[in-house]
Amino acid sequence: MTLEKTINTAEIESRQYKEWEASGAFTGHPEKNTAPYTIMMPPPNVTGSLHMGHALNNTLQDIMIRYNRMRGKDAMWMPGTDHAGIATQMVVERQLDQEGLKRQDMGREAFLKRVWEWKAYSGGTITGQLRRLGSTPDWSREAFTMDANLSKAVVKVFVQLYKDGLLYRDKRLVNWDPKFHSAISDLEVENREVKGHMWHIQYAIEGDKARTITIATTRPETMLGDTAIAVNPEDDRYKDLIGKMAIVPICNRLIPIVADEYADPEHGSGAVKITPAHDFNDFEVGKRHKLPMINIFDENAHLNENVPEEYRGMERFAARKKILKELEELEILVKVDNITHTVPHGDRSGVVIEPYLTDQWYVDAKKMSLPVVDAIKAGKTEFVPKNWEQITFNWVDNLQPWCVSRQLWWGHQIPAWYDEDGKVYVAENEEEAQKQAPGKKLTRDEDVLDTWFSSALWPFSTLGWPEKTPELNKYYPGDLLITGFDIIFFWVLRMMMMGIHFMGDVPFKKVYLHALVLDAKGQKMSKSKGNVIDPLTIIDKFGADALRFTMSASAAQGRDIRMSEERVEGYRNFTTKLWNAARYCEMNDCLPKEGFDPSKVKNVINQWIIGEVLKATKDIEDALAAYKFNEASHAVYQFTWGTFCDWYLEFTKPLLADAPDDVKAEIRGTTGWVLDQILRLLNPFMPYVTEELYANIAKRGKDERLLTSEWPSYPASLINNAAAEEIGWLQRVISQIRSVRSDMNVPASARIDLVVQDASETTKKHISTYEAVLKQMARLNSVSLLTGKAPGRSIKAVVDEATLILPIADLIDLDKERERLNKQIAKLQDDIRKTDEKLANQQFVSNAPAEILEEFRNRKVEAQGLIDKLATALSQLEAA
RNA sequence: GGGCGUUUAGCUCAGUGGUAGAGCGCUUCGUUUACACCGAAGAUGUCGGGAGUUCGACCCUCUCAACGCCCA
């Protein structure tokens, strides 16, 4: 086959992916003895679509999976999707809304049918998009958090945690989302800074018309639920009022004035109203003082029957207005301050969260997290970068019970039943529950579980737990988890809690936490800002390989990634470069040859490039072992472009034209071999273009693919230091000549002569060996050794012991050459001065390690040698 | 208010206790039959400010500042 002149990424991508998937190479083999390499994919929302975060996350996972598959591991990347309770229900409710329907009118069953339909319709979108990225998870095991077996695991876990006393029902204040009519967890609350007011309201004191007490509040409507006023016990202003009763305006209820440290004398008026049913701090104060709790809201955050008649049924912010108006009329609204404060909002709904007293299910997250901390400290699970471990510990210290019930319909319905007295029975099914409550009429808990409850089980529920499957046996614990730091607390820790509790071991050995993908200006991408870059658009424009390489090359640990098209464009150019290099190889019959043995190579240039392949391989391996994706990418990029294309192919061009046949044959073999290695090294990063080239550069068997080929592995003895030194010399000579030519404005088209002065025997040998290469790459007419006197009017450059003379009298500008030489000398003298200062420092000489001293001394000698040669060149110039 | 992170070339960012690197951009030159999505050469930095540790600091410590994120 002949490679097309230009690469057609869209065509290659769709064709190659189909072949990969059909080949069955993504599938894990629990029945085989091969060592496993397991990654659990963070399941994206089933109805979602690919964003840059997914692109980053999945690229990194796929690199590790492909790399380990090539290294002979049983690579198993577990894919799947999450039912995403609130998010999905919200989407479907919005659709219903447009049809003028409400889920309450449809009923639970009909609504769920509708959600399943939506899931069936849009559920394949995200997995299709992951395929476009080139991801190779084991699709045959694709799971969904609401699959029957995963749901079974959820029920099992719920019941067991209940039995273990780690899950319980409790009446507490929750973060209530009035839009969803549901409790949400602390983590789902987003505190937003907003402009608001601090209202100062005067309360009368019972039996003392002369005294009043002024409290400050940002939420005056909650005064209808006040059950106390708190003052600081040390606050002299109010000491005498402690124990007296105040009168709540409007509803004219009597409430005690209590002493509590919570009241901050510095803050507001120093006196705070206490509404235990609607504020987390007040709730604690209420418990301390055994205050009654008056709930004044319903599930819509509308005022309920516990408030004066004229307020009942009012929306909370309307009620606030009315109250303020009434307070004003009563002339007890004494002051209004404009302030900025943080107000809790639902991260999904965007509405203000109301602390609300309800019965909910809680998991004792604190208790379950203790073994997690121990496991991390013991190194059973290691976080990369490490600093997340400490952050995790701090967070665990402040852990609150995890509210796991949600008043939604889409999700895992809680396996709990109530009898007519409200007694609860937790069981795996109704039959079991009934056994616990013989003869009683049971009703099932209407609520569902937090989405993160089921995703916390992901590392083992997807492998068949609670059955003892071969998969579970082989793939748990997983090797690596790659996810964003923003869901450490939502997901990573909860997986660890559940994994340790139910499997007796951590779910993964390493957790790589990547940063966020931002726009080019460093801002978070969001629909409202309109700065979202769609990965699919990027793929269409530059190809999936370019996007993947951008992600990998940008993934420096602990730093956000600024996404810009220019960067992707640069890596698109890299794919083109590789493509063209392969075309060149094809045109020159430099393709992989059967039976080529890199250890048998005789030509130094070939020995050198083989050694460079090995060095690059090691660099990539080391970088990946440390999860430094940017370094690994850089190593393979640099080798391919900077070493193979820029030097090796250029070195060998003149030889392919003129050298003896055996040399040509060896070059062809070596070039083909190196190309083959590059394709392997690059494959995890750029799977499509490499696969396509691999298929085209040699005859391949039906099932022979890079996807399942082997990662390069050769003995380090193939690195030939003498060859590296020799080629280093060659590169220095060529660079020097090119540099002076350019400095002196010698036209590239001008073929000039090179005369070498003071050449050592080795250099003489090299000059003769590489004459053809030097001529072509430095654009020379002839290469010779100096005999007799050095020509005066010429450009000179120094490489090691030798002086390179370019006698081009008619082409050079004497002043310019003088200037160039003087500049070089001046710079070297400056270096020597600095080195001398160091060497003159007695403390440096006596304290610095020997090899450093040696290095500085050598540096000086070398610089002096150079100066001498340049000075000679300069004086000859003057003499001429 | 607490915590974390960032501050290095015009831009985006790597980096190491021993005389600063990449990509992009910029300048000059170039149509040598893989590639102009290219090649060659080049310019540009008191490595945020200050102090300390050290023979030696961009790197370690302290401090200040700016910016960002998270939590209260």
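When reading the values below, keep in mind they use all heavy atoms of this one structure, side chains included, and skip hydrogens, waters and symmetry mates. Convention: sequence-line order gives letters A, B, ...; per-chain numbering from 1.
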Decide, yes or no, whether a salt bridge links [X] with [Y] under the criterion of side-chain N to carboxylate O below 4.0 Å.
X: A:Glu389; Y: A:Lys386; value: yes
X: A:Arg833; Y: A:Asp836; value: no
X: A:Glu837; Y: A:Lys834; value: no
X: A:Asp519; Y: A:Arg562; value: no

Indicate, with a heavy-atom threshold strictly under 4.0 Å, whether A:Glu650 touches base, sugar-phosphate, or nothing.
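A:Glu650: base contact, heavy atoms under 4.0 Å.
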Touch class at under 4.0 angstrom, heavy-atom based, for A:Asp646 against every strand present:
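Answer is sugar-phosphate: A:Asp646 comes under 4.0 Å of backbone atoms only.
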Considering only heavy atoms and no angle criterion, is a donor-acceptor pair shorter than 3.5 Å present between the side chain of A:Lys628 and the base of B:rA14?
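Side chain to base: no pair below 3.5 Å.
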Can you find a donor-acceptor N/O pair under 3.5 angstrom joining the side chain of A:Glu631 to the base of B:rA22?
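Between B:rA22 and A:Glu631, which were checked side chain against base, a qualifying N/O pair under 3.5 Å is absent.
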Using a cut-off of strictly less than 4.0 Å, decide whether [X] has a side-chain nitrogen or oxygen near OP1 or OP2 of [N].
X: A:Trp641; N: B:rA34; value: no
X: A:Asn191; N: B:rA72; value: yes
X: A:Asn573; N: B:rC37; value: no
X: A:Arg741; N: B:rA41; value: no
X: A:Arg567; N: B:rC24; value: no
X: A:Arg559; N: B:rA14; value: yes
X: A:Lys524; N: B:rC70; value: yes
X: A:Ser739; N: B:rG42; value: yes
X: A:Lys577; N: B:rG39; value: yes

Just compare [options] and give me whichever is closest to any side-chain atom of [X].
X: A:Thr576; options: B:rC37, B:rA22, B:rA34; result: B:rC37
X: A:Thr342; options: B:rA72, B:rG18, B:rU12; result: B:rA72
X: A:Asn630; options: B:rA14, B:rA34, B:rG23; result: B:rA14
X: A:His634; options: B:rA34, B:rA22, B:rG5; result: B:rA22

Take the protein atom [atom1] of [X] and the nucleotide atom [atom2] of [N], then report the distance between them rounded to whole Å.
X: A:Phe574; N: B:rC38; atom1: CZ; atom2: C1'; result: 15 Å
X: A:Glu4; N: B:rC35; atom1: CD; atom2: P; result: 15 Å
X: A:Gln824; N: B:rA41; atom1: CD; atom2: C1'; result: 14 Å
X: A:Leu518; N: B:rU12; atom1: CG; atom2: C1'; result: 12 Å

A:Thr575 and A:Asp545 side chains, donor-acceptor separation under 3.5 Å:
no
I'd like the P distance from B:rU7 over to B:rG48, given in whole Å.
8 Å
Sort by first number and list every stem of RNA chain B: at least 3 consecutive Watson-Crick or G-U wobble pairs, both distances under 3.5 Å.
B:1-7 with B:65-71, B:10-13 with B:21-24, B:26-30 with B:38-42, B:48-52 with B:60-64
Select from A:Val189 and A:Thr575 the residue whose nearest nucleotide in RNA chain B is closer to the 5' end of that strand.
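On the 5' side of the pair lies A:Thr575.
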Can you list the steps and then say if A:Phe639 with A:Asp619 is a side-chain contact (heavy atoms from CB on, under 4.5 Å)?
CA-CA 10 Å; A:Phe639 174 75; A:Asp619 288 346; over 6 Å; no
Under 6.0 Å between ring centres, would you say that holds for A:Phe856 and A:Phe844?
yes
Check the pair A:Val740, A:Glu817 against side-chain contact (heavy atoms from CB on, under 4.5 Å), reporting the backbone distance first and the verdict last.
CA-CA 9 Å; A:Val740 287; A:Glu817 171 66 351; 5.9 Å; no
